[in-house]
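Let me begin by presenting the structure, written as C-alpha cells, before commenting on it.
Residue numbers start from 1 in every chain, and the chains themselves are labelled A, B, ... in the order their sequence lines are given, proteins ahead of strands. This one's a predicted model, so the numbers in the text were calculated from it and none came from an experiment.
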Amino acid sequence: MAWLKVSEALSAGVGTEMTVKGWVRTRRDSKADGGLSFIAVNDGSCFDSIQVVARASLPGYADQIVRLTSGCSIEVDGTLVTSQGKGQAVDLVASTIRVVGWVDDPDTYPIAQKKHSFEFLREQAHLRPRTNTFGAVARLRHCLSVAVHRFFDEKGFYYVHTPIITGSDCEGAGQMFRVSTLDLMKPPTGPDGRVDFSQDFFGRETNLTVSGQLNVETYCTALSRVYTFGPTFRAENSNTPRHLAEFWMIEPEVAFCDLAGDADLAEEFLKALLDTVLSRRMDDMKFFDERIEKGVIDRLRHVIEKPFRRVEYTEAIEILKRSGRAFEFAPEWGSDIQTEHERYLAEEHFKQPVVVMNYPREIKAFYMRSNDDGKTVAAMDVLVPRIGEIIGGSQREERLDVLDRRMEELGLNKEDYWWYRDLRRYGTVPHAGFGLGFERLVQFCSGVANIRDVIPFPRAPKQAAF
RNA sequence: UCCUCGGUAGCUCAAUGGUAGAGCAUCCGGCUGUUAACCGGAGGGCUGCAGGUUCGAGUCCUGCCCGGGGAGCCA
C-alpha cells in the first residue's frame, strides 16, 4: 500500500487504498453504527488534516484507538471514501491503525486543542509547529525562501555565501556579537592592559555579521548580479515586534545599476514573491486571512497589482508637514522618517507600498552614493502598510575620492576598509543593492503581528531558549 | 534603553484589604456520522521572586525577574 502525504491523499480518487502517517490533532467518538471514532491526522504537508474513520470492529479499537489523544503519532492503512459528514469531502476509512508514539501523559501535553496565546506558544517552541498557525508559517517561510532563489536564478543572479563571522568592526551597523575563544575570566592582555586579541582564535577581533553587503559587493564587481541570503545578527537591545537579534536577510547587489534600477528591482522582487505565495500556498493564506489578519489576501493582491509610489525624501517630508497630523515627532527635513511617519505614508496617504528616495546624507551610511546636490545620498526605503520599512537600499559610492572624503568625515579608518576601497581602485563601477528582512516579509505576507512568531526559534534580548 | 500595562489552576481570565473562582483542557460517565461537539461529575493553587505595612495581603508599599503594547535603533 502506497504511503501518501496528507496533501496527496486528500486529492486522490475515492476508492484509493493508501497508508497515511502523521500526528493526531483530534479524536471524536460516536456510538452510532456500532461505534466509531473520527481522528484528524495531520502530517504538515498541507494545512488540512485528513479525517480517519475508525470503526469499533478494528483490531485494538477498545484498548488503543479510543485512547488516542492530541499529539499521538500513528500510521493508518485504509481506503478513501466520500465523507458522509459535512466538514470535509473525503474520509480515510481505516483497515489498520498502528500507534507509533503515545503521548505519555495527555494532561501535560501543552498543545491542547484550543486557542493558545502566542506568548505561551513561544515558551513551547519545540511543539508549536504542531499548531495550525505555526505549521502555516513554516510552509510560508519555505515557500518564500524557494521563491527568493527562483526569482534571482531566473534573472541571472548568483547566490553568494558571505561569511557569518566577520574579521573586523568595519561594518558599523550597530552593536555586534563578539566571537571569541578567549577565557572570559582571564583574557590575555597587552602592555596597555587591554585584551590582546592577537591571541584569540582568529588572531584578531571577530564578530557575527550584521550585513553581508560589503562582502557581496566584491562578487558583484565580478559576477555582475549577485545576492546573499543568510543569518544576520544585531546585538541591539531592541524590544519590539519587528526586531530580532538573529534574523535572515536577503541582499542583492547589481553592477552597472543606479538607484532607480535598484528600486525597480525591489518592486519586481517583492511582487514576484507575493505572487508565488498566492499561487502556491493558498491553503495557508486562507487561514491567515480568516484567523490572523482579515483581508491579508486582498492586501497582497493590491500590492501586486498597483505600481509602487515613488517619492523623494524631500517630498515625503512636505506631505507629512501638510498632513495636519499631530505627530509625536514633527517631520523636518534632515531628520529621519519616524515609524509613525512611515505608517502614515504607507497606510493613510498612499495606501500602498511607497519607495522613499534620496535621503539627507547626514542620516545615512558612509557607503551610500552622494548626489550632485551635495545634501542627499542615493538611498531608498520601501515602506509597506503595517510593517513600515521592509527594504532599505542604496546606490553605492563608487568614486574612491568621494568615498574617502566621506569616511574621513565620519572618522572611519581607511586601513580597515582596504579591500572595500580596492573595489573602487580596480575597475570601479556604479552599483546598487538593498536588504530585505526575511522575517518582516513573512510578517507582511501572513499578518502575524510579532516577528518572534514567524521564525522557528526566536533570538531576542533575554530570549535564547531552545 | 525609555514610557506604559500586566504576571492568580495546564491554558485564557475573574476575585471592595476579610474562606481563591469560572470557562476551556485533562480524567470518569452519558449522548451523538462526529468535526470549536453537547450534558453530568472529578482531580488540579507556595496568586512571578524577595522584603515591608496590617489583626489580616492575590489586592497596599519598595526592589528585582519575566512578558505584552508603544518609542528609539533598524531589516
No-H, no-angle donor-acceptor pair, A/Asp91 side chain to B/rG33 base, under 3.5 Å = yes
request  = Test for a donor-acceptor pair under 3.5 Å between the base of B/rA75 and the side chain of A/Arg234, counting only N and O atoms.
outcome  = yes
ask   = Hey, is A/Phe247 doing a stacking thing with B/rA75, by the 5.5 Å centroid and 30° angle criteria?
value = yes
inquiry  = Using the side-chain heavy atoms of A/Thr240, tell me which of these nucleotides is nearest: B/rC11, B/rC73, B/rU35.
reply    = B/rC73
message = Using whole Å, what does the distance between atom C1' of nucleotide B/rU4 and atom CD of A/Glu328 come to?
response = 12 Å
ask   = With ring centroids as reference points, do A/Phe152 and A/Tyr159 lie under 6.0 angstrom apart?
value = no
Rounded distance (Å) that lies between atom P of B/rU35 and atom CD of A/Gln88 = 11 Å
ask   = A/Gln51 has an atom CD; how far is it from atom P of B/rU34, in whole Å?
value = 10 Å
request  = Using a 4.0 Å heavy-atom cut-off across all strands, classify A/Ile391 as base, sugar-phosphate, or nothing.
outcome  = sugar-phosphate
request  = Determine: side-chain N/O of A/Ser117 to OP1/OP2 of B/rU12, distance under 4.0 Å, yes or no.
outcome  = yes
key: Ring centroid separation A/Tyr367 to A/Tyr420 under 6.0 Å   = no
message = Looking at B/rC38, which nucleotide sits across from it as a Watson-Crick or G-U wobble partner, both distances under 3.5 angstrom, or is there none?
response = B/rG30
query = Nearest-Å distance, CD (A/Glu342) to P (B/rG70)?
reply = 14 Å
request  = Indicate, with a heavy-atom threshold strictly under 4.0 Å, whether A/Gln338 touches base, sugar-phosphate, or nothing.
outcome  = sugar-phosphate
query = Rounded to whole angstroms, how far apart are CZ on A/Phe120 and C1' on B/rA25?
reply = 11 Å
message = At less than 3.5 Å, do the side-chain atoms of A/Glu119 and the base atoms of B/rU12 form a donor-acceptor pair?
response = no
key: Distance-only donor-acceptor test (3.5 Å): side chain A/Ser238, base B/rC74   = no
task = Remember a base hit wins even if backbone is also touched, and classify A/His116 as base, sugar-phosphate or nothing at under 4.0 Å, heavy atoms.
result = sugar-phosphate
key: Inter-nucleotide C1' distance (B/rU54, B/rG72), Å rounded   = 43 Å
task = Could you state the atom-to-atom distance from CG of A/Leu244 to P of B/rC74 in whole Å?
result = 17 Å
